[in-house]
Amino acid sequence: IMKKFFSTLGKQIGIDLGTSNTLVYDKEKGLIINEPSVVAVNQKTDAIVAVGSEARKMIGKTPQHIVAIKPLVDGVISDFEVTEKMLKYFIDKATGVTGWKMFSKPRVVIGIPLEITEVEKKAVEDAVLHAGAKEVFLIETPIAAAIGCNLPIQEAIGTMIVDIGAGTTEIAVLSLGGVVTWKTIKIAGDEFNKNIINYARTHFNLVLGEKVAEEIKVKIGSADTLSTPLETQMRGRDIISGLPKEIIVNDAQIRESLSRSIQIIINNIKSTLEVTPPELVADIYERGITLIGGGALLKNISVAISKATKIPVHVAEDPITAVVRGTGYLLDDDVLLKSVTSPSTQDSN
């Protein structure tokens with residue numbers, strides 16, 4: 001009875017630690033946190049002023065001594081200390097820990113990028129343990145995503161996942177519970193925003209903020225011709241006069257700004273298929289490519305990829321939460337968890 005009592009105190013949570021957003025999944029409650037991976041730090045005192053949504057609101061609006069930091073670059077920890085504090089904030093928020101600290105340390109399954117070194121893996125593990133976890137399981141994000149999308153990754157069937165995140169696009173072919181071939185490129189959602197910023201500067205002499213560029217991308221951004229033309233306001237600062245200026249832009253202009261980045265993603269999907277064993281390619285042609293991540297929401301991106309590869313392309317249901325849902329499902333299946341992840345080599349107790 002005592003053993004059962006203590007095991008119920010320990011939370012189980014899954015984490016998708018992304019360049020732009022961190023998502024946390026609770027075994028009992030489902031998705032409980034989806035907040036920006038941003039931390040506002042007071043440089044005079046080294047104290048954390050805000051984390052997540054509150055910190056994101058401060059970007060570009062803080063006095064000089066308060067800095068909004070994005071501690072992950074291209075899906076990898078670039079600032080260990082800040083990442084640890086951010087994870088602690090999210091883990092505490094997820095577990096609602098007050099007392100009983102020693103009993104309520106959670107088991108954590110966390111997604112990691114494919115292109116990650118052993119040193120970087122250990123950094124993720126250490127950050128999660130120092131943030132208050134009892135045990136850490138690392139899982140490669142395409143595998144977590146495939147599990148989150150209910151794809152048959154443990155069978156001898158080729159599955160292709162394309163995860164267009166904020167900092168990176170990961171292209172992976174999976175079979176028998178592992179990654180067979182893969183590619184990671186640093187062209188993804190953040191790069192799309194930069195494309196729009198550069199286009200505005202070059203074509204309209206307008207300086208745009210990143211938030212404005214992102215809003216335009218979400219509203220009218222597309223990868224292939226739309227059936228209904230769209231337009232929206234583009235507000236920025238005129239380079240020549242230095243004054244605020246607003247113009248109207250349409251979907252064709254924004255599509256033109258994104259076209260090179262979209263083409264790079266398509267070329268990398270093709271080159272991944274070229275090095276994939278023929279038997280698995282045959283499966284992918286039959287079953288299609290699954291798109292996940294925030295970039296999968298770009299209008300008609302599945303159409304553009306399908307036209308170029310001659311393969312059916314599906315956008316996963318709720319593509320942003322696919323990875324964290326996969327980590328959540330793994331919390332319920334110890335056998336699968338052990339087969340696709342590497343458990344922590346340390347124990348923080």
Side-chain angles (χ1 to χ4, degrees), residues 16 18 21 23 25 31 111 114 139-166 168-185 187-189 192 217-218 221-228 255 258 261-274 276-330 340:
D16 176 9
N21 278 48
L23 289 80
Y25 190 100
L31 183 69
L114 287 168
I139 177 165
E140 291 165 329
T141 48
I143 294 178
I147 292 167
C149 296
N150 289 318
L151 297 172
I153 62 151
Q154 287 192 290
E155 296 170 32
I157 295 174
T159 298
M160 189 176 220
I161 292 267
V162 178
D163 180 355
I164 308 170
T168 56
T169 293
E170 289 191 325
I171 302 155
V173 174
L174 314 174
S175 181
L176 291 170
V179 177
V180 182
T181 54
W182 59 276
K183 255 181 186 291
T184 297
I185 53 169
I187 304 274
F192 296 164
K217 174 184 75 179
V218 170
S222 60
D224 198 83
T225 313
L226 300 174
S227 52
T228 310
R255 191 159 52 252
L258 301 174
S261 290
I262 301 295
Q263 194 54 52
I264 292 170
I265 290 172
I266 288 170
N267 291 345
N268 278 276
I269 292 171
K270 285 179 172 177
S271 58
T272 306
L273 286 165
E274 281 163 17
T276 298
E279 293 81 3
L280 297 181
V281 173
D283 293 337
I284 294 162
Y285 267 91
E286 191 183 320
R287 302 180 61 248
I289 297 168
T290 301
L291 297 187
I292 64 153
L297 296 172
L298 186 73
K299 295 171 186 64
N300 278 359
I301 191 156
S302 57
V303 176
I305 296 169
S306 186
K307 273 185 187 174
T309 57
K310 309 282 188 284
I311 297 175
V313 179
H314 324 283
V315 175
E317 193 181 331
D318 201 359
I320 291 174
T321 63
V323 172
V324 82
R325 285 202 314 270
T327 65
Y329 294 164
L330 284 168
V340 295

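We use all heavy atoms of the structure for the numbers below, so side chains are in, but hydrogens, waters and symmetry mates are not.
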Looking at Ser261 and Ile187, what are the two nearest heavy atoms and their distance?
-> CB-CG2, 3.6 Å
Side-chain donor-acceptor pairs of residues 279-291 under 3.5 Å, sequence neighbours excluded:
unit_1: Asp283; atom_1: OD2; unit_2: Gly158; atom_2: N; d: 2.8
unit_1: Arg287; atom_1: NH1; unit_2: Gly158; atom_2: O; d: 3.3
unit_1: Arg287; atom_1: NH1; unit_2: Thr159; atom_2: OG1; d: 3.3

Heavy-atom closest contact (Val180 atom, Pro277 atom, distance) = CG1-CD, 4.0 Å
Would you say the side chain of Ile311 lies within less than 4.5 Å of the side chain of Leu273, judging by non-hydrogen atoms?
-> yes
Taking every non-hydrogen atom, the tightest pair across Leu114 and Ala172 = CD1-CB, 4.0 Å
Sort out for me which residue in Val315, Asp224, Ile262 forms a side-chain contact (heavy atoms from CB on, under 4.5 Å) with Leu298.
-> Ile262
Contact check, side chains of Val323 and Leu23, non-hydrogen atoms, under 4.5 Å | no
Which is it for Ile147 and Ile139 under the side-chain contact (heavy atoms from CB on, under 4.5 Å) test, yes or no, and what are the steps along the way?
-> CA-CA 11 Å; Ile147 292 167; Ile139 177 165; 4.3 Å; yes
If we only count heavy atoms from C-beta on, is the Thr169 to Asn268 side-chain gap below 4.5 Å?
-> no
Which heavy atom of Lys299 sits nearest a heavy atom of Val218, and at what distance?
-> NZ-O, 2.8 Å
Would you indicate whether the side-chain heavy atoms of Thr327 and Asp16 approach each other to under 4.5 Å?
-> no
Are any non-hydrogen side-chain atoms of Thr272 and Met160 less than 4.5 angstrom apart?
-> yes
Side chain Asn300, main chain Thr225, donor-acceptor under 3.5 Å | yes
When every non-hydrogen atom of Ala316 is compared with those of Cys149, the smallest separation belongs to CB-SG, 3.6 Å
How far apart are the closest heavy atoms of Ala322 and Ile292, and which atoms are they?
-> CB-CG2, 3.8 Å
Only pairs at least two apart or in different chains count here, so list each side-chain hydrogen bond (donor to acceptor under 3.5 Å, both in side chains) that has a residue in residues 311-326.
-> Asp318-Thr321, Thr321-Arg325
With side chain to side chain donor-acceptor pair (under 3.5 Å) as the test, would you mind laying out the steps for Thr184 and Thr168 before giving the verdict?
-> CA-CA 7 Å; Thr184 297; Thr168 56; over 6 Å; no
For the pair Ser306 (side chain) and Val303 (backbone), establish whether a donor and an acceptor sit closer than 3.5 Å, ignoring hydrogens and angles.
-> no
